[in-house]
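Here the structure comes first, spelled out in structure tokens, and everything after it is commentary.
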Amino acid sequence: LKALYKLVSYSHIDYYFDVPKVPRREVEKLRENLIIGSARFNGEVFRTACNYNNDVLKKVMEFYDYIEIQPLENYSYLVNMGEMSDEQLKTYLLDIVRCAEEIGKPVCATGDVHYLTKKQKVFRDVYISAKGIGGVPHPLNPYARSRMPAFENPDQHYRSTDEMFKCMSFLS
């Protein structure tokens with residue numbers, strides 16, 4: 001807990017720019033009592049799966065204690081923005097799972113939950129639409145989105161275990 005509090009303090013005091021961040025070197029110094037997981041679609045593991053080969057992906061995964069993947073719906077922003085197709089998305093996620101298994105890293109299905117129920121999505125939609133400090137748009141609402149056909153923001157409600165199993169059925 002002490003190591004975690006140190007990292008939170010560093011991120012808000014020593015390394016705060018536009019958002020709280022902490023350099024990897026600080027995490028590495030304090031990681032002995034921490035469990036480090038990979039992140040969602042804007043994280044290092046997913047971006048590596050999209051842009052590099054499996055050997056590079058495995059090397060990147062070595063840093064993490066476990067690897068995260070989310071339901072396909074959580075990645076809908078990337079598909080809707082034209083960054084990838086549904087099939088490419090599934091291929092990337094399958095590559096992540098396969099590479100993690102090959103190097104002995106556990107894979108964890110997470111929800112990247114931002115609200116409890118589907119009905120509460122409207123509050124997140126308002127937050128995504130609002131301008132941040134300095135008029136900066138939310139990452140899910142970049143200026144380029146206004147030139148795209150309208151689409152829904154990702155569903156990021158809390159899912160039950162059964163719902164998560166259904167979301168991950170493409171993994172067999």
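Side chains included, hydrogens not; waters and symmetry mates left out as well; all remaining heavy atoms used. In this chain, numbering begins with 1 at the start of the sequence shown.
Cluster annotation: Tyr66 and Ile36 are assigned to distinct hydrophobic clusters (Ile/Leu/Val/Met/Phe/Trp/Tyr, side-chain heavy-atom contacts under 4.5 Å, transitive). Cluster membership for Leu4 and Val27, using ILVMFWY side-chain heavy atoms within less than 4.5 angstrom, is shared. The cluster map of Ile, Leu, Val, Met, Phe, Trp and Tyr, joined by side-chain heavy atoms under 4.5 Å apart, puts Phe151 and Leu72 in the same cluster. Criterion: ILVMFWY side-chain heavy atoms under 4.5 Å apart, direct or through other members. Under it, Tyr115 and Tyr158 are not part of a common hydrophobic cluster. Hydrophobic clustering (side-chain heavy atoms under 4.5 Å, transitive across Ile, Leu, Val, Met, Phe, Trp, Tyr) groups Leu34 together with Val45.
Side-chain atoms of Arg124 and Asn153, non-hydrogen and from C-beta on, never get closer than 4.5 Å to each other. Side-chain contact between Tyr127 and His114 is absent, with no heavy atoms from C-beta onward closer than 4.5 Å. Side-chain contact check for Ile96 versus Val107: every heavy-atom pair is 4.5 Å or farther apart. The shortest distance between side-chain heavy atoms of Pro71 and Met164 falls below 4.5 Å. Side-chain contact between Leu116 and His157 is absent, with no heavy atoms from C-beta onward closer than 4.5 Å. Counting only heavy atoms from C-beta outward, the side chains of Leu171 and Ile69 approach each other to under 4.5 Å. Side chains of Arg159 and Gln70 form no contact here, defined as non-hydrogen atoms less than 4.5 Å apart. Taking 4.5 Å as the limit, every side-chain heavy atom of Thr110 sits out of range of all side-chain heavy atoms of Asn74.
Rounded to the nearest 0.5 angstrom, Lys105 NZ and Cys99 SG are separated by 13.0 Å. Atoms NZ and CG, on Lys29 and Leu7 in that order, are 10.5 Å from each other to the nearest 0.5 Å. One distance of note links OH of Tyr16 with OG of Ser11; it measures 9.5 Å at 0.5 Å rounding. To the nearest 0.5 Å, atom OG of residue Ser38 and atom OH of residue Tyr64 are 6.5 Å apart. Annotation: the span from Gln88 atom CD to Asp95 atom CG amounts to 11.5 Å, rounded to 0.5 Å. How far CG of Leu78 is from CG of Asn42: 9.0 Å, rounded to the nearest 0.5 Å.
Ion pairing of Glu163 with Lys166 is absent here, as no side-chain N (NZ or NE/NH1/NH2) approaches a carboxylate O to less than 4.0 Å. Between Asp155 and Lys118 there is no salt bridge, since no side-chain nitrogen of the basic residue lies less than 4.0 Å from a carboxylate oxygen of the acidic one.
Nearest heavy-atom pair across Tyr92 and Ala49 is CD2-O, 3.5 Å. Minimum heavy-atom separation, Pro137 to Tyr143: CD-OH, 3.4 Å. Contact detail for Lys6 and Leu30: the closest heavy-atom pair is CB-CD1, 3.9 Å. Between Glu73 and Cys167, the closest heavy-atom pair is OE1-SG, 3.9 Å. For the pair Gly43 and Ala39, the tightest heavy-atom approach, listed with the atom from each and the gap, is CA-CB, 3.9 Å. Here the shortest heavy-atom pairing between Leu140 and Arg145 reads O-NH1, 2.7 Å.
Counting non-hydrogen atoms of neighbouring residues, nucleotides and ligands closer than 6.0 angstrom, the CD atom of Glu62 exceeds 12 such neighbours. No more than 12 heavy atoms of other residues, nucleotides or ligands sit less than 6.0 Å from atom NZ of Lys2. Sparse packing is recorded around CZ of Phe123, with 12 or fewer heavy atoms of other residues, nucleotides or ligands lying under 6.0 Å away. Heavy atoms from other residues, nucleotides or ligands lying under 6.0 Å from OH of Tyr52 number 12 at most.
Side-chain N or O atoms of Asn54 include none that pairs as donor or acceptor with a backbone N or O of Leu57 at under 3.5 Å.
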### Task
Tell me, with the steps shown, if Met84 and Thr91 meet side-chain contact (heavy atoms from CB on, under 4.5 Å).
CA-CA 11 Å; Met84 65 188 63; Thr91 299; over 6 Å; no

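Aromatic pair Phe46/Tyr75: ring centres closer than 6.0 Å.
Taking the six-membered ring for Trp and thresholds of 30 and 60 degrees, Phe41 and Tyr77 have nearly parallel ring planes, at less than 30 degrees apart.
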